[in-house]
Amino acid sequence: MTSTDIFAALRARTVAALEALLPDLPAEAFARVQMEPPRDAAHGDMATNAALVVGKAARQPPAALAQALAGRLAALPEVESAAPAGPGFVNLRLREDFLRAQLPAILAAGEGYGDSGIGGGRRVNVEYVSANPTGPMHVGHCRGAVVGDALANLLGKAGWDVTKEYYINDAGAQVQALALAAYWRYLQVLVATPEGQVLAAGNPALAGFAASAQGREAFEQAFGIALQYGGDYLVPVGQALFTAHGTGLVPAAGPPSAEVLELIRAFTVDAMMAEIRQDLAALGVRQDVFISEAALVRAGVADRAIADLAAKGLVYEGVLEPPKGKLPEDWEPRPQTLFASTKFGDDVDRPLRKSDGSNTYFANDIGNHADKLARGFAELVQVWGADHGGYVRRMVAAVKALSDGHPVPLDVVLTQIVKVVKNGEPVRMSKRAGTYVTLADLIEEVGRDAVRFTMLTRKADAQMEFDLDKVVEQSRENPVFYVQYAHARCRSVLRSGDEAPGGLGDLAAAPLESLTDPAELALIRRLAAWPRTVEAAALAREPHRIAFFLHDLAGDFHVLWNRGREDSTLRFIRGDEPEATRARLALVAATATVIRSGLQVMGVTPVEEMR
RNA sequence: GCGCCCGUAGCUCAGCUGGAUAGAGCACGCGCCUUCUAAGCGCGAUGUCGCAGGUUCGAACCCUGCCGGGCGCGCCA
């Protein structure tokens, strides 16, 4: 739908004009030609660097070329005037009726306005959240969830065929430890039942545990198992295990068997994932694919991927140099199975197997990425926390190696830490102190839309403060409010217009000549910049740009609204001027449409009225 | 010690993949509310873009080196 992007349209016109002026230049000479809004609005509506960019190849001084180009561009039907400027820019001022004509185009496109084809329908896999299923989601996971979801929406709007994915890390030592903790909670339930007491009579370990306060230490002592997790959130899981299996998970003596532990692990992971899905649903995140690391490993995907790399001569047994600086205490040289990631830009080669022969997390993740390649994705995107920054190069290297011959790019978006602030004080994230902020708590406190919007008011790679007081504040300082308020005002005006005699009618057919005020035209210019904003944000993988665009757009609208306070002829609805009213309502409807279009990308619900 | 991210107005941050005189909100100063649209509005002042070199018509943006903050650094995930 790039036909509705007036910047793309005039860029094409410019290139055509250049081709006419310089028929001998090859097409690629025009690749860097840009058509952008000038930083200073006084320069006009659009500016192109065309003369600067092709000047060298054309062997012409940019200023002279700009002069010639301006002459041709001035003759275009969309253009009011074109003038060379600075070292070789050409500034364009567009005809007002051309600008106004964007309104019916926006209204016809609806929320699809801004849809783009630059994705070319390429299949992209966006993996995000992928929190370990070892507990409920907390605010730390939240930013990645929101950024990932918005980025996926954005790519969809820009023409990619998007799959939203969650990789369940359910195969490592952490979930084994989690299973043990669930087992402890299960025994707590069990020993309180008559069946459990009967069982304890013939099982010394269980009897010892039952006779104690059944705390963490008592469990560790009775069964000789160290616990890493102790969270209350496993209490219901213990209960559910007992309900499902009764006394069936208790061995005659000692710790449970590997089979039983595997059963508990799977049960617990399912329970945690159910909780995480609930959290995601509360956040409005719905992923298409949940893929299990354990399932991929069982299916042999990781091993096959490593075999594939080995066949390319990229896997070897070797000994890594010790890391520089502070050595791990138990460091000793030892032979490991290594992937030659240095051949693809990494600093050191990376281990694929632990000394017990099992796969490292990296090895399994190679399997995860190989699986995506096998599913035919043309591009991969990962949204990770900043603490995974050191992991990026090796994974990019692995994907390069795996997709050798038909390269599939892997883009990693890192999200920096969120510091939660309340009453000007940082909220410490501590389970022990009971100040652990779960995602559910956060949503409960400030609402889903405020969480989502606020998480997108910073670049992903900049640290951010999340001020619990400010995000619910109803003032200009709060962008969530500011944008929602603009939409609510639009809707309010449109509702009033609808009640007027005759109603709104078809606004797309409204005569628009009366829209001549600078504030009205500024708003139209902003609306017309939406398609290029979508494209630029998608290409840069920067969903926060949508939030900033909406903030600017809301600002333009509020300015216009306030103009009506000073000058009643600038009110949107004027009883004495039905035609002017219809024109303004078309502008308001288009504004509401673009705000909704942007909020849709962000996953934020537009409100009809403020309360 | 090495790698990655960040460093822009007093504060919180943008800066559209290298463009023109670097922007917004807050805070600050001045003016504005009998009424229609004040959970405010208008106008104004505000900079060593961490520092120093380099690349080029042009650098906050790219390269190199320093300084400062964050994250990470062989069988955690």
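In what follows, every chain begins at residue 1, and chains take the letters A, B, ... in the order their sequences are listed. Predicted model only: the values in this text are computed from it and were never measured.
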Over all strands shown, is A/Ala540 touching base, sugar-phosphate only, or nothing at heavy-atom distances under 4.0 angstrom? base

Distance check needed: B/G31 P versus A/Arg565 CZ, whole Å only. 19 Å

Considering every strand and a 4.0 Å limit on heavy-atom distances, what is the contact class for A/Pro351: base, sugar-phosphate, or nothing? sugar-phosphate

Compare side-chain N and O positions of A/Lys419 against OP1 and OP2 of B/G69 and report whether any pair is under 4.0 Å apart. no

Hydrogens and angles aside, do A/Glu317 and A/Thr337 bring a side-chain donor and acceptor to less than 3.5 Å of each other? yes

Heavy atoms under 4.0 Å, any strand shown: does A/Ala85 hit a base, just sugar-phosphate, or nothing? base

Please report the distance, rounded to the nearest Å, between NE2 in A/His551 and C1' in B/C16. 17 Å

Looking at the side chain of A/Arg458, which of B/U12, B/A77, B/G70 is the nearest nucleotide? B/U12

Aromatic rings A/Tyr482 and A/His551: how do their planes relate, parallel, tilted or perpendicular, breaks at 30° and 60°? tilted

Between A/Glu465 and A/Pro335, which is nearer to the 5' end of RNA chain B once each is assigned its nearest nucleotide? A/Glu465

Which dot-bracket notation, 5' to 3', represents the base pairing of RNA chain B when pairs are defined as Watson-Crick or G-U with both distances under 3.5 Å, crossing pairs as [ ], and inter-strand pairs as |? (((((((..((((.....[...)))).(((((.......))))).....(((((..]....))))))))))))....

Parallel, tilted or perpendicular, as decided by the 30° and 60° cut-offs, for the rings of A/Tyr166 and A/Phe290: parallel

Going by distance alone, is a donor N or O of one side chain under 3.5 Å from an acceptor N or O of the other, for A/Asp365 and A/Asn368? yes

Thinking salt bridges, do A/Glu473 and A/Lys470 make one under a 4.0 Å N-O criterion? no

At under 4.0 Å between heavy atoms, what does A/Pro37 touch on the DNA or RNA strands: base, sugar-phosphate, or nothing? base

How are the rings of A/Phe572 and A/Trp561 set to each other: parallel, tilted or perpendicular (split at 30° and 60°)? tilted

Over how many whole Å does the gap from A/Phe481 atom CZ to B/A39 atom P extend? 8 Å

Once you apply a heavy-atom cut-off of 4.0 Å, does A/Arg545 come out as touching a base, just sugar-phosphate, or nothing? sugar-phosphate

What nucleic acid atoms does A/Tyr361 come within less than 4.0 Å of, heavy atoms only: base, sugar-phosphate, or nothing? base

Choose from B/C71, B/C57, B/G15 the nucleotide whose nearest atom is closest to any side-chain atom of A/Leu52. B/C57

Flag the pair A/Arg563 and A/Glu520 as a salt bridge only when some basic side-chain nitrogen lies within less than 4.0 angstrom of an acidic carboxylate oxygen. no

Roughly how far apart, to the nearest Å, are B/U12 and B/U55 at atom P? 36 Å

Answer yes or no for this row: A/Phe89 ring on B/A20 base, centroids under 5.5 Å, planes under 30°. yes

Value in whole Å for how far the P atom of B/G1 lies from CG of A/Asp347: 16 Å

Given that A/Leu560 and A/Gly357 both sit by RNA chain B, which one's nearest nucleotide is further toward the 5' end? A/Leu560

A/Arg571 CZ to B/U37 P, straight-line distance once rounded to whole Å: 6 Å

Can you tell me how far C1' of B/A14 sits from CG of A/Asp552, to the nearest Å? 9 Å

In whole angstroms, how far is the P atom of B/G15 from the CD atom of A/Glu36? 14 Å

Considering every strand and a 4.0 Å limit on heavy-atom distances, what is the contact class for A/Tyr485: base, sugar-phosphate, or nothing? base

Given the C1' atoms of B/U46 and B/G23, what is the spacing between them in whole Å? 12 Å

Rounding to an integer number of angstrom, what distance separates B/G53 and B/G15 when you compare their C1' atoms? 25 Å

Roughly how far apart, to the nearest Å, are B/G50 and B/U21 at atom C1'? 24 Å

Taken to the nearest whole Å, NE2/A/His544 to P/B/U12 is 18 Å

Phosphate oxygens OP1/OP2 of B/C26: is one of them under 4.0 Å from a side-chain N or O of A/Lys470? no

Suppose you measure atom C1' in B/A14 against the same atom in B/C49; what distance do you get, rounded to whole Å? 13 Å

Face-on cation placement of A/Arg11 at A/Phe7 ring, 6.0 Å and 45° thresholds: no

When rounded to the nearest Å, what value does the distance between C1' atoms of B/G29 and B/C66 take? 40 Å

Out of A/Thr591, A/Thr533, A/Asp556, which one pairs with A/Arg526 under the side chain to side chain donor-acceptor pair (under 3.5 Å) rule? A/Asp556

Between B/A38 and B/U34 - P atom distance, rounded Å: 12 Å

B/C4 base to A/Arg393 side chain: any donor-acceptor pair below 3.5 Å? no

Do A/Gln174 and A/Thr134 have side-chain N/O donor and acceptor atoms under 3.5 Å apart? no

Please determine whether any donor N or O and acceptor N or O are separated by less than 3.5 Å between the side chain of A/Asp365 and the base of B/A77. no

Interatomic distance at C1', B/G69 relative to B/C63, whole Å: 23 Å

